[in-house]
Amino acid sequence: MLSYRYRKTLKIAMIFITFILLIGSFPHSSGMITNSSIGINATGNVLILSSDTTSSNSMLTILASQGITTDTFAIDTGTPTLTDLISYTLIIVITNNPLQDRSALGNALADYVDQGGKVIIYAFGFILSHGPLGRFNDSGYHPMIAPSLVSVGGNYDGESVHPIFTGVNSLTTFSANLTITNGATLIASLTTGFPLAVVKGSVLSINTLISATSGDLNVLALNAVNFYFNYPTIEGPSDFNVEFGTTGNTLTWITTRDNPKNYTIYRNDVAISFSLWGSTLVIISVDFLNIGTYNYTIQAFDNSERSVRDTVFITVVDTIAPTVSFPADITYIEGTTGNIITWTPSDPKPSIYIVTQDGTQYKSGSWSNGVDIVVNIDGLTLGTYSFTITVTDSSNNEASDTVMVIVTSGVATNPTVTSPPDQSYVEGSTGNSISWTATDDDPGTYTITNNSVEITSGNWVSGIPIALSIDELGPDTYTYVITIFDTSFNSISDIVILTVTRAADTINPIVTSPPDQLYVEGSTGNSISWMANDDNPGTYTITNNSIEIASGIWVSGTPIIINIDALLIDTYIFNITVFDTSFNSVWDIVLVTVNGVVDSTAPVITSPADISYEEGTTGNLISWTGTDDNPGTFTITRDGQEVAKGDWNSGTAITINVDGLAAGATYTFIITIYDSRDNSVFDFVTVTVEEKEEVVSGDGAGFPIPFANFFVVFSSIICLTLVTRRKRGPS
């Protein structure tokens, strides 16, 4: 028999081998999402967040049996963000070891649930000493929880009718004693009385340690995943406003209803409607609300007691101004009575009104919807008056109307006005004017228009000239009309035609000269800006290396900007020519130099494993793959001697055959790859060629055959432990 010491050494060696094999079989993601190669999609619909490799591997096997696509993330070495989680339909959390950052994990999970995500938590993610904290714990996302781990065995009591327990007939599990949180629903228990499964919204907690559970665990796990894959959805509109007093306003939610039950609608957290869930559209009227903000929330349940919620904020606003009637202007004879203005305003929220006479408050008060406001205007002396009403609603929206009131003497005699001759002058000359003189016993007001556009008005005095300056006009023909009114609105008009001719223009425009430019190929935001000035701006053209690339009309003092991005490496001549309306011109040249991009980033290369093969075998290869935007060349050496070189392509394998090497030696193959900017990186692989093993009988070896084999295995193990991991890096 083997000695105790020898047997102990053998046992340690076998444990080491088993440990190495187990590590090799587990997916170690170091905090990165890795695809388990289960299912047909590249990224998966289910993500397992795990700090327990044994349990996560068991769950991968269960889900793989149904072709469910699954990715993993090791939360003992990394912490996912919402960006990592949001593309997944379902997150499964399995914790039985310390987490890298429990608070950050809890915050990310809470954000994921808020975005409509679904979560299943297995042991011991609901224990505060083991599971996610942060908002997931502080804001009550956990369905059940305990401050510390107190675990015992337990059996499923078989009494649940919830769909996730369909086909679950027996279950023996290593579980924890937990407390159900507020708002959560118990859906199954253990014979110990401990909760087995509790649901809260879209979070499901299952009180089982996967690696220590027997019975129908696979049925339960698959049912739970299907439960969430068929989870109902509801989608409402963005928050919106409703105009007060309008009708036909509705709030519509779009839902799924594969297994519908009922829904309740709340307004400001008070239930206002309960109904069976039978349609994919849930529509509710939001008419007849007072001004203010309301939150409408729908909570819908299916027959599996899965629920979804959505909240929409509706703000009732009053942005529509009141309306007011437009009575006609009024003329009455001085001294008569019974002269009134009647306005009729309308608005569902009336407030106050103010009437002014020529800008001074005349009358004010409150008003009612559709009720006339009557203003007495008797007692005015000869003249023209402006009466304006402004009506305001309770939201300070307002409307106004003006009525002109003319008080006359009752005698219709028009004023008289002189008629000055038509005029002309050369552009740029000064001292040009038109002068009219009007006469009347009751002078009133006048207006002057130029080409039908009013340019001035005012009061006039009988026999005093009304003078108008007409300098600073451009070349053109202008029609000036003056209309003279007396206080009884009797009137007379006169027309003067003005012609302005163009002066000779021999002055070139002025243009700025921006500096020459230099930029790196591929950069953006590069432009040239010229500024031109002239009294008579006209057109411009821009050329690049004598080829016209832009033209148009320019404005004096306004920049002319041309974008010069996307040019290739070279030097370019940009030339602008600026013309005025008399075709006087000026030009300017800007040189633009585009240089190449500086590349200081080394390529990236894979690191294949070291190779060991038996003398005489074939098909032994080393394969590297390099990546870089600008691939160049490579060299491969064996023990310092160059054995291969050439060009390489990014993402394409570089392979070398290492057959035929002499036995009993170890060789070092080093590859160095360069990009086209002379940045480089290297990697080396050791190749060990073993002598071909000869078959020797038990007597010839001096040891029984089983012992000899063990000796070789044990020696190999000792040697393997002495191998130092090789280093790689950019040169």
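Scope of the values below: all heavy atoms of this structure, side chains included, with no hydrogens, waters or symmetry mates.
The side-chain heavy atoms of Y296 and T311, taken from C-beta on, include no pair separated by under 4.5 Å. With a 4.5 Å cut-off on side-chain heavy atoms, I576 and I560 count as touching. Counting heavy atoms from C-beta outward, I320 and F244 have side chains that stay 4.5 Å or more apart. In this structure, E427 and T501 have side chains that are not in contact, with every pair of non-hydrogen atoms separated by 4.5 Å or more. Residues I448 and L468 are in side-chain contact: their nearest non-hydrogen atoms beyond the backbone lie under 4.5 Å apart. Side-chain contact between L251 and V312 is present, with heavy atoms from C-beta onward closer than 4.5 Å. Contact annotation: the side chain of I291 approaches that of S395 to within less than 4.5 Å [non-hydrogen atoms, C-beta and beyond].
Annotation: side chain to side chain donor-acceptor pair (under 3.5 Å) contacts involving residues 350-366, sequence neighbours excluded, comprise Q361-S364. Pairs of residues two or more places apart, or lying in two chains, never qualify as side chain to side chain donor-acceptor pair (under 3.5 Å) while including a residue from residues 540-551.
Using modelled atom types, no side-chain atom of E398 and backbone atom of P322 make a donor-acceptor pair closer than 3.5 Å. Checked by atom type and distance alone, the side chain of W648 pairs as donor or acceptor with a backbone atom of Y674 at under 3.5 Å. Judged by distance alone, with hydrogens and angles left aside, the side-chain atoms of N369 form a donor-acceptor pair with the main-chain N or O of D347 at under 3.5 Å. No donor-acceptor pair under 3.5 Å is formed between the side chain of N376 and the backbone N or O of G338. Under a 3.5 Å cut-off, the side chain of D239 and the backbone N or O of F313 do form a donor-acceptor pair. Although no hydrogens or angles enter the test, the distance criterion places a donor-acceptor pair under 3.5 Å between the side chain of D329 and the main chain of M404. Y478 places no side-chain N or O within 3.5 Å of a backbone atom of V496 that could act as its donor or acceptor partner. Formation of a donor-acceptor pair under 3.5 Å by the S285 side chain with backbone atoms of D287 is found in this model. D422 contributes a side-chain N or O that, together with a main-chain N or O of I497, makes up a donor-acceptor pair within less than 3.5 Å. For the pair D84 (side chain) and T81 (backbone), a donor-acceptor distance under 3.5 Å is present.
Between R309 atom CZ and T297 atom OG1 the span is 5.5 Å, to the nearest 0.5 Å. Rounding to the nearest 0.5 angstrom, the gap separating the CG atom in D471 from the OG1 atom in T430 is 5.5 Å. In this structure, D318 CG and N290 CG are separated by 10.0 Å, a value rounded to the nearest 0.5 Å. Distance check, rounded to the nearest 0.5 Å: CD1 of I354 to CD1 of I389 gives 10.0 Å. Atom OG1 of residue T581 and atom CG of residue D534 lie 7.0 Å apart, to the nearest 0.5 angstrom. One finds the CG atom of D647 at 6.5 Å from the OG1 atom of T633 (value rounded to the nearest 0.5 Å).
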Worked check of side chain to side chain contact (heavy atoms under 4.5 Å, CB included) between I495 and Y480: CA-CA 6 Å; I495 297 175; Y480 287 88; over 6 Å; no
Take D505 and N584, measure what side chain to side chain contact (heavy atoms under 4.5 Å, CB included) needs, and give me the verdict at the end. CA-CA 8 Å; D505 180 6; N584 303 301; 3.5 Å; yes
Could you walk me through whether I340 and T342 pass the side chain to side chain contact (heavy atoms under 4.5 Å, CB included) check? CA-CA 6 Å; I340 60 173; T342 301; 3.8 Å; yes
Hey, mind stepping through S424 and T499 against side chain to side chain donor-acceptor pair (under 3.5 Å) and telling me if it holds? CA-CA 4 Å; S424 66; T499 302; over 6 Å; no
Give the intermediate values and the outcome of side chain to side chain donor-acceptor pair (under 3.5 Å) for residues N536 and D580. CA-CA 5 Å; N536 302 294; D580 63 15; 5.7 Å; no
Applying side chain to side chain contact (heavy atoms under 4.5 Å, CB included) to T437 and I466, what does each step give before you reach the verdict? CA-CA 6 Å; T437 301; I466 303 170; over 6 Å; no
One pair to check against side chain to side chain donor-acceptor pair (under 3.5 Å): D401 and W343. What are the steps and the verdict? CA-CA 9 Å; D401 178 63; W343 285 284; 2.8 Å; yes
Which donor-acceptor pairs under 3.5 Å do side chains of residues 509-520 form with protein atoms, sequence neighbours excluded?
residue, atom, partner, partner atom, Å
T512, OG1, M531, N, 2.9
S513, OG, D588, OD1, 2.7
D516, OD1, L591, N, 2.9
Q517, NE2, S527, O, 2.5
Y519, OH, I564, O, 2.5
Y519, OH, L567, N, 3.3

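Between F387 and Y385, the angle of the ring planes lies from 30° to 60°, which puts this pair in the tilted group.
S419 and D494 form a side-chain donor-acceptor contact under 3.5 Å, judged by distance and modelled atom types alone. For the residue pair T293 / T315, a side-chain donor-acceptor distance below 3.5 Å is found, with atom types taken as modelled. There is a side-chain donor-acceptor pair under 3.5 Å between T483 and S493. Residues W587 and N575 have side chains that never bring a donor and an acceptor to within less than 3.5 angstrom of each other. W253 and D310 share a donor-acceptor pair across their side chains, judged by distance under 3.5 Å alone.
Heavy atoms of other residues, nucleotides or ligands lying less than 6.0 angstrom from CG of N268 number more than 12. Residue D565 places its CG atom among more than 12 non-hydrogen atoms of other residues, nucleotides or ligands, all under 6.0 Å distant. Atom CG of L281 is surrounded by more than 12 heavy atoms from other residues, nucleotides or ligands within 6.0 Å. The local environment of CD1 in I507 is sparse, with at most 12 non-hydrogen atoms from other residues, nucleotides or ligands closer than 6.0 Å. Atom CD of E521 sits in a crowded spot, with more than 12 heavy atoms from other residues, nucleotides or ligands closer than 6.0 Å.
The two residues Y425 and E472 have their closest heavy-atom pair at OH-N, 3.8 Å. Contact detail for Y572 and L568: the closest heavy-atom pair is OH-O, 2.8 Å. The two residues T252 and I283 come nearest to each other via the heavy atoms OG1-CG1, 3.6 Å. Taking all atoms of both residues into account, the shortest heavy-atom contact from P603 to I673 is CB-CD1, 3.7 Å. Across every non-hydrogen atom of T439 and G463, the tightest pair is CG2-N, 3.9 Å. For the residue pair F579 and S585, the shortest heavy atom distance occurs at CD2-CB, 3.5 Å.
Residues passing the side-chain contact (heavy atoms from CB on, under 4.5 Å) test with N396, sequence neighbours excluded: T392. Checked against side-chain contact (heavy atoms from CB on, under 4.5 Å), Q423 has the following partners two or more places apart in sequence or in another chain: I434, I470, L498. Partners of D114 according to the salt bridge (Lys or Arg N to Asp or Glu O under 4.0 Å) rule, which considers only residues two or more places apart in sequence or in another chain, are R135.
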